[in-house]
2 protein chains.
Amino acid sequence: MAKNDCRTKLMEIGTRLFAERGLHGVSIRELSQEAGASISMISYYFGGKEGLYSAVLQEQFACFDQIEEIRKQGAEPLDVIEGYIRWTLQRHRNNPYLLRFYTSELTNPTLWFHTIVQPAIEKIIRILIDVLDDGIRRQQFRKELHTGNAALALAGMANYFFLSTLATENLVSHSAENDEELIRQYAAIFTQGILASPP
Amino acid sequence: MAKNDCRTKLMEIGTRLFAERGLHGVSIRELSQEAGASISMISYYFGGKEGLYSAVLQEQFACFDQIEEIRKQGAEPLDVIEGYIRWTLQRHRNNPYLLRFYTSELTNPTLWFHTIVQPAIEKIIRILIDVLDDGIRRQQFRKELHTGNAALALAGMANYFFLSTLATENLVSHSAENDEELIRQYAAIFTQGILASPP
DNA sequence: GTCTATATTGCGATAGAC
DNA sequence: GTCTATCGCAATATAGAC
């Protein structure tokens with residue numbers, strides 16, 4: 001196998017298997033076999049199974065570095081909210097494994113939760129809170145809004161749609177075709193609510 | 001140890017350990033030791049580690065049987081929505097382990113996902129969809145609302161608040177003291193949105 | 001850089017005593 | 001109903017050949 005092709009292949013298979021069954025659910029035997037490499041390559045490149053896991057985790061959460069893009073200069077709060085929903089959907093579409101690591105680390109944190117996962121999530125929630133505060137300052141949003149809780153509500157809507165897929169695919173379509181429609185709907189629910197007329 | 005005290009203790013410790021580290025992250029050696037019982041008791045009572053896990057899972061999701069209570073006879077859709085949020089919050093407060101099994105099974109389903117977890121989640125989402133359809137029929141909710149997506153949005157808000165705790169406790173208080181306030185806020189966001197004035 | 005072979009530890013399950 | 005002792009296997013890690 002060509003140089004570093006082995007490393008790449010181990011990362012690729014490791015991502016899939018760790019996502020599907022978690023750190024403890026995968027053996028390096030099976031992993032290396034699926035990658036078509038020898039078992040010792042995992043120690044050679046990553047210093048062991050946990051090293052490979054942390055490398056995979058780092059790669060998975062690297063996409064959070066680009067989150068600032070949803071807050072382009074002078075963007076309206078409403079645009080940023082829609083941008084966040086779109087960004088979240090695309091993130092999960094592009095990488096169906098991310099949510100597995102995301103929720104697995106939130107509920108069963110490993111050693112790397114505090115260095116990799118928590119900062120990424122905090123960063124994005126902080127941005128949402130800032131945007132909501134900004135909208136209140138501009139008198140666009142209700143001034144009694146608790147922006148922390150509201151930010152979590154928005155993140156929850158966007159992420160749970162994917163999280164629940166396996167249990168709700170009989171009830172609700174999760175096809176990517178409807179994503180733009182979904183973005184509109186979720187932006188509308190979050191900003192205008194579901195009521196037909198103002199209370 | 002008194003009869004069936006052993007069984008109960010194994011369930012109790014199993015619940016905690018499986019929640020914290022997943023099915024594969026726990027050994028029956030450690031589990032039985034923490035329960036103060038012999039390792040062979042797990043086979044005796046549950047037929048093995050997986051049997052214990054499925055028993056724990058069944059117990060955890062039993063609370064979903066009572067969900068119909070949020071839809072008492074003749075309740076207004078708005079009341080049911082608030083009732084759902086309150087019921088979800090209390091469910092997680094009463095049992096901090098439930099969400100671990102819930103998300104772990106959604107992202108890394110075991111053999112018992114389809115018999116225990118999926119029916120429970122489907123049932124609750126179906127009720128929410130029914131309630132939203134009812135609200136549209138009564139002309140309380142916007143008639144163009146996609147009730148499936150909206151139901152997932154509501155469930156997402158309520159569940160993600162807890163799911164994100166570990167990553168967002170520096171930004172947002174997750175104390176149970178604020179639960180009634182949170183219920184009001186989430187009901188308000190879902191029904192009225194965050195805008196200061198109608199668009 | 002990649003392999004095979006092996007050392008060592010820990011796993012789940014159960015037989016058999018009490 | 002509960003225990004101890006043990007079986008057979010799979011786990012991770014690594015030494016050493018190429």
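Within every chain, numbering begins at 1; the chains are lettered A, B, ... in the order of the sequence lines, protein sequences first and strands thereafter.
- Note that CE of A/Met41 and OG of A/Ser38 are 5.5 Å apart. Values are rounded to the nearest 0.5 Å.
- Atom NE2 of A/His24 and atom C1' of D/dT12 are 14 Å apart (whole Å).
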Would you list the atom pairs, donor with acceptor, under 3.5 Å between side chains in residues 75-82 of chain A and any protein atom, with sequence neighbours excluded?
residue : atom : partner  : partner atom : Å
A/Glu76 : OE1  : A/Gln140 : NE2          : 2.9
A/Glu76 : OE2  : A/Arg138 : NH1          : 2.9
A/Glu82 : OE2  : A/Arg86  : NH2          : 3.2

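- Rounded to whole Å, the distance from CZ on A/Arg7 to C1' on C/dG1 is 14 Å.
- B/His174 pairs by the ring-ring contact (aromatic ring centres under 6.0 Å, His included) definition with B/Phe161, not counting sequence neighbours.
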Donor-acceptor pairs under 3.5 Å, side chain of residues 55-63 of chain B to any protein atom, not counting sequence neighbours: which ones?
residue : atom : partner : partner atom : Å
B/Gln60 : OE1  : B/Asn95 : ND2          : 2.7
B/Gln60 : OE1  : B/Leu98 : N            : 3.4

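- OP1 or OP2 of C/dT2 sits under 4.0 Å from a side-chain N or O of A/Tyr45.
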In residues 13-23 of chain B, what donor-acceptor pairs under 3.5 Å come from side-chain atoms, sequence neighbours left out?
residue : atom : partner : partner atom : Å
B/Thr15 : OG1  : B/Met11 : O            : 2.6
B/Arg16 : NH2  : B/Glu34 : OE1          : 2.6
B/Arg21 : NH1  : B/Glu30 : OE1          : 3.3
B/Arg21 : NH2  : B/Glu30 : OE2          : 2.9

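- Rounded to whole Å, atom C1' of D/dT4 lies 14 Å from atom CD of B/Gln33.
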ask   = Could you run down nucleotides 12-18 of chain C 5' to 3' and tag each one B, S or - for protein heavy-atom contact under 4.0 Å?
value = BSB----
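- Under the salt bridge (charged side-chain N to carboxylate O under 4.0 Å, His left out) criterion, no residue pair touches residues 47-57 of chain A, with sequence neighbours excluded.
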